[in-house]
Amino acid sequence: MTIPVTFWSYFAELAGCSETVVTVSASSTIDELLAALYQAHPALAELRRSTLIAVGVEYQDGEYVLKPGDHVSLFPPVQGG
Amino acid sequence: MTIPVTFWSYFAELAGCSETVVTVSASSTIDELLAALYQAHPALAELRRSTLIAVGVEYQDGEYVLKPGDHVSLFPPVQGG
Amino acid sequence: MKRFLSITRDPIDEAGLVANRTLSSGMGAAVYFSGVVRGQEGAEAIAALDYSCFVPMAEHQFHRLFDRLAERGSVESVRLVHRIGRVAVGESSLWIEVVSAHRAEAFGACQWVIDEMKQVVPIWKSPVTAAEASTSLNPNPTS
Amino acid sequence: MKRFLSITRDPIDEAGLVANRTLSSGMGAAVYFSGVVRGQEGAEAIAALDYSCFVPMAEHQFHRLFDRLAERGSVESVRLVHRIGRVAVGESSLWIEVVSAHRAEAFGACQWVIDEMKQVVPIWKSPVTAAEASTSLNPNPTS
């Protein structure tokens, strides 16, 4: 299945784009998606420990099992206020 | 010397007036003034422990030594806000 | 530290006060508090509170608090308005603004001023029932 | 619990928001916070901050915070406005009002919302220098 991934804030600059699509096998986890993504975008891999992950509008961690229709967002620590 | 004394809030109702004058000997303390005052206003004596005392616009305690021109205020706990 | 103090019988114009806020470019936080008269005083339903005040001493004691706040060095400005006389339920009796570089200081200072005020500033309140409010004007217009 | 949330590119009309406050007769405290862009970001002098936001998620996460606040039961209303896009030094980027019966709850809840927001609401800021501010419009008008 294909999963759209959006990069927010300076992650878009590091990725060189604000959105991409990653193809993963059915029932892949976010960790598996990230492994594929980081091959293409090594600059993001370096920030993995501080990366926040959302599916839709909810936070998720690496063990989340992806399903068709999921939209993943990756972003750095938030700075509202 | 004569010392004017003002009662604030419900102390005026208890005293039956909002202001009085107490005659004390030179170098009397506030405690001595209160002793004289409480003779005339026994209802105030009952609230002595929660009574706040000011001379002019500063808080003072019973050991303060009065001098001519001092103006004493007596009032219950404050309730601003 | 800039300071503004008003002890007034007029309604507190909060929107106007906010519109007149000034702060320098290093300031990042403004905290406001508005204390509003509740419809209940203890178990009793009330229509208003009558606030009385020993004004010269209240002003002096507020400024002593502001002096202590200024010594901390982290607050750029404090503005405080305390209404006296009759204040109806739902109206503000106290308004405070503290401006500081950071929010923790501003929140802390605002709460500190209120806490200290309730210890030392000679202002008192007495409840006014609905019956009293409808049949009388403020009984102590000068207190 | 009443709630109002706005994530907006428009300047925050604090005076207008204050003028529109509503509270029931049991409420005694309104606490406001205005977060203002400072002229310094770290060691660097700046002219503005550009705020970007993942809006649907930010709205969702704000409402999750409001849900948690509502569970406490002591807050009657919360109103929050977060400005996004370019916000000049001296202008407010965040405005919050919390109305409660007592001031301790209102102060606590207002600070809690800010603290939690800074953990979970997807908003980011990037500094704009004076040179950048004078030579360009907001480079990311839709972000």
Side-chain angles (χ1 to χ4, degrees), chain C residues 12-41 45-49 76-77 87-115 117-118 125 130, chain D residues 12-41 45-49 76-77 87-115 117-118 125 130:
Chain C
I12 300 176
D13 176 15
E14 296 181 54
L17 286 159
V18 169
N20 288 329
R21 178 182 70 209
T22 59
L23 43 68
S24 69
S25 77
M27 295 301 110
V31 169
Y32 302 85
F33 172 78
S34 180
V36 176
V37 174
R38 281 192 296 272
Q40 201 89 10
E41 183 77 1
I46 64 167
L49 289 174
E76 172 170 270
S77 106
V87 184
V89 167
E91 293 183 348
S92 180
S93 56
L94 172 65
W95 182 90
I96 305 179
E97 172 202 66
V98 174
V99 173
S100 191
H102 301 285
R103 68 194 161 89
E105 301 156 352
F107 275 109
C110 191
Q111 290 169 283
W112 182 85
V113 168
I114 301 168
D115 289 340
M117 175 197 76
K118 288 177 174 285
K125 57 191 179 191
Chain D
I12 300 177
D13 176 16
E14 296 181 54
L17 286 159
V18 169
N20 287 331
R21 178 181 72 209
T22 59
L23 41 69
S24 70
S25 76
M27 296 299 111
V31 169
Y32 301 86
F33 173 77
S34 179
V36 176
V37 174
R38 281 193 295 272
Q40 201 89 9
E41 183 78 359
I46 64 167
L49 289 174
E76 173 171 85
S77 106
V87 185
V89 167
E91 293 183 350
S92 180
S93 56
L94 172 65
W95 181 89
I96 305 179
E97 173 201 66
V98 173
V99 173
S100 191
H102 301 285
R103 69 195 160 90
E105 300 156 352
F107 275 108
C110 191
Q111 290 170 281
W112 181 85
V113 169
I114 301 169
D115 288 340
M117 175 197 78
K118 287 177 175 285
K125 56 191 178 190

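We name chains A, B, ... by the order of the sequence lines, and we start the count at 1 in each one.
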**Student:** Taking the six-membered ring for Trp, are D:F107 and C:F107 parallel (under 30°), tilted (30 to 60°) or perpendicular (over 60°)?
**Tutor:** perpendicular

**Student:** Given that the side chain runs from C-beta out, which part of D:V89 has a heavy atom under 4.5 Å from chain C: side chain, backbone, both or neither?
**Tutor:** side chain

**Student:** Quick check against the 3.5 Å criterion: does D:R103 have a side-chain atom that pairs as donor or acceptor with the backbone of C:G35?
**Tutor:** no

**Student:** Of the listed residues (D:G39, D:G26, D:A30), which shares the most heavy-atom pairs with chain C below a 4.5 Å separation?
**Tutor:** D:A30

**Student:** Which one, C:S34, C:G16, C:A19, C:A101, leads in non-hydrogen pairs under 4.5 Å with chain D?
**Tutor:** C:S34

**Student:** Select, from C:I114, C:L94, C:V36, the one with the greatest count of heavy-atom pairs under 4.5 Å involving chain D.
**Tutor:** C:V36

**Student:** Between D:D115 and chain C, which part of the residue has a heavy atom less than 4.5 Å away: side chain, backbone, both or neither?
**Tutor:** both

**Student:** For chain D, which candidate among C:S24, C:A15, C:G28 shows the most heavy-atom pairs at distances under 4.5 Å?
**Tutor:** C:G28

**Student:** Using 0.5 Å steps for rounding, measure from the NE2 atom of D:H102 to the CZ atom of C:R38.
**Tutor:** 4.5 Å

